[in-house]
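Lettering follows sequence order; numbering is per chain, from 1. All heavy atoms count here, side chains included; hydrogens, waters and symmetry mates do not. Just so we're clear, the structure is a prediction, and the values are computed from it rather than from any experiment.
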Protein chains: 2
Amino acid sequence: MELKEAKDKFIHTWGTLATQWGINRTMAQIHSLLLLSAKSMNADEIMSELQISRGNVNMNLRDLMDWGLIYKQLLPGERKEYFIAEKDVWKVAKQIAKERRRREIGPLIDAMADLKEGIKPDTAEKEEFLKIVNDISTVTVFADSTLTSLLKADENWLISSFVKVFNR
Amino acid sequence: MELKEAKDKFIHTWGTLATQWGINRTMAQIHSLLLLSAKSMNADEIMSELQISRGNVNMNLRDLMDWGLIYKQLLPGERKEYFIAEKDVWKVAKQIAKERRRREIGPLIDAMADLKEGIKPDTAEKEEFLKIVNDISTVTVFADSTLTSLLKADENWLISSFVKVFNR
DNA sequence: TTGAATTTTCAAAATATTTTGAAAAAAATA
DNA sequence: TATTTTTTTCAAAATATTTTGAAAATTCAA
């Protein structure tokens, strides 16, 4: 079964890459499983598909919802909760970028601001130190605002043109 | 001693943040120590300053050189090797972005390309699967090329204007 | 209400990563 | 060359993170 094989490879690859850049492997695997699934899935299905424990599934489903990558779906007549992934890959990328911006850039900007506050440039040494702090602050704010612009840019002119060009 | 305190806070903060986004804590601490140091330092000095083992220092110094964030400096009359950090923070940011692009985006592009190769769209299911793979491919290539353009942009018009605006 | 089904929690176990430190290798000196 | 200094390596230890699974909490139907 060739498709099954490709899907497994996809899930495995996604999980491996994720760990290499600081994201939990299981979270990535659950995400890709749902991304590839036409139907929404419940915890038991995910458990048996990925061979992981209930607690693990539960915890990572909640994280994925926090990241805005999956949604809870309540099926009429079903007691169990079902989950479905956001299938619009541009939205997915946007969410990931947003979350990483929040986690990686935000705290850095705050930390540099605190350091700036605390030190008066009354010696050459302190000026040196503040120069570095200021420079990092500047670059970080630059990265932050660049990313924000990109994220706010209307995807319809920014991406759809790229999609058209690359997808054919 | 206020400056010492601020420097320690800087080193500590940098180290903590780094772990939160997948970079080794010690590597980040050594980097910030060198970034804040006017003089180059040798392994023994770094060991005693950060209270870490020789092996750890050695390994992380090599990683930092791989990242292009520090340089080896051979001082005349000295047997020991000295290390000095790149102080141009824009260059530092550029190096970090390059390295992360190489580690995070490159493998993803490759993996998606492999999957595209391996599957023929001869059923609706396979077409579905390939759509996702293609979309990820597209978004990833887009991110890659956007980042590449930013990195290639001449810093003198792109950044220095920002620096002037924000630094005052 | 009660009780069965489902989800959540969290301490302990398993796994993965980082750090140590001493031995080996390499480099410099005499 | 032999000796000393310095750097590198890497198995074992320490630490950190992830996963498990059973108990507790919650939800829902009757």
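- The shortest side-chain heavy-atom distance between B/Lys116 and B/Asn134 falls under the 4.5 Å cut-off.
- Between B/Arg103 and B/Glu99 there is a salt bridge, since a side-chain N of the basic residue sits under 4.0 Å from a carboxylate O of the acidic one.
- Note that the CG atom of A/Leu33 and the CZ atom of A/Phe10 stand 10.5 Å from one another [nearest 0.5 Å].
- B/Asn42 comes within contact range of no nucleotide atom at all, as no heavy-atom separation falls under 4.0 Å.
- One atom, CD of A/Glu81, and another, C1' of D/dT26, lie 11 Å apart when rounded to the nearest Å.
- Listed by chain and number, the hydrophobic cluster partners of B/Ile84 are B/Tyr71, where partners are ILVMFWY side chains within reach of under 4.5 Å, directly or through others.
- Of all heavy-atom pairs spanning A/Leu3 and B/Ile119, the tightest one is CA-CD1, 4.3 Å.
- Separating the CD1 atom of A/Ile30 from the P atom of D/dT18 is a distance of 13 Å, rounded to the nearest angstrom.
- Summary of helix geometry: the two end axes of the helix from C/dT1-D/dA30 to C/dA30-D/dT1, each defined by five base pairs via their C1' atoms, are inclined to each other by 20° (rounded to 10°).
- Counting non-hydrogen atoms under 4.0 angstrom, A/Thr19 reaches nothing in the nucleic acid.
- Rounding to whole angstrom units, CG of residue A/Leu74 and P of D/dA29 are separated by 11 Å.
- Taking the six-membered ring where tryptophan is involved, the planes of B/Trp90 and A/Phe142 are perpendicular, since the angle between them exceeds 60° and thus also 30°.
- Sorted by residue number, the members of residues 46-68 of chain B with any non-hydrogen atom under 4.0 Å from DNA chain D read B/Arg54, B/Gly55, B/Asn58, B/Arg62.
- The hydrophobic cluster containing B/Ile11 also contains B/Trp67, counting ILVMFWY residues as joined when their side-chain heavy atoms lie under 4.5 angstrom apart, directly or transitively.
- Taking atom CE of residue A/Met41 and atom P of nucleotide C/dT7, one finds them 14 Å apart after rounding to whole Å.
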Show the atom names and distances, to 0.1 Å, of all donor-acceptor pairs under 3.5 Å that link a side chain in residues 59-66 of chain A to residues at least two apart or in another chain.
| from | atom 1 | to | atom 2 | distance (Å) |
| --- | --- | --- | --- | --- |
| A/Asn60 | ND2 | A/Asn56 | O | 3.0 |
| A/Asn60 | ND2 | A/Asn56 | OD1 | 2.7 |
| A/Arg62 | NE | A/Asn58 | OD1 | 3.3 |

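- In terms of the side-chain hydrogen bond (donor to acceptor under 3.5 Å, both in side chains) criterion, residue partners of A/Lys126 (sequence neighbours excluded) are, by chain and number, A/Asp122, B/Glu2.
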Summarise protein proximity over nucleotides 24-30 of chain C in one line of letters, 5' to 3': B for base, S for sugar-phosphate only, - for none, counting protein heavy atoms closer than 4.0 Å.
---BBS-

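- Of the two residues contacting DNA chain D, namely B/Arg25 and B/Phe83, the nearest-nucleotide position lying further toward the 5' end is that of B/Phe83.
- Ionic pairing of B/Glu45 and B/Arg54 is not present here: no N-O contact between side-chain nitrogen and carboxylate oxygen is shorter than 4.0 angstrom.
- Applying the 4.0 Å criterion to OP1 and OP2 of D/dT18, one finds that A/Thr26 has every side-chain N and O outside that range.
- Protein atom OH of B/Tyr82 is 14 Å distant from nucleotide atom C1' of D/dT7, rounded to whole Å.
- Under a 4.0 Å N-O distance rule, the pair B/Glu125/B/Lys131 does not qualify as a salt bridge.
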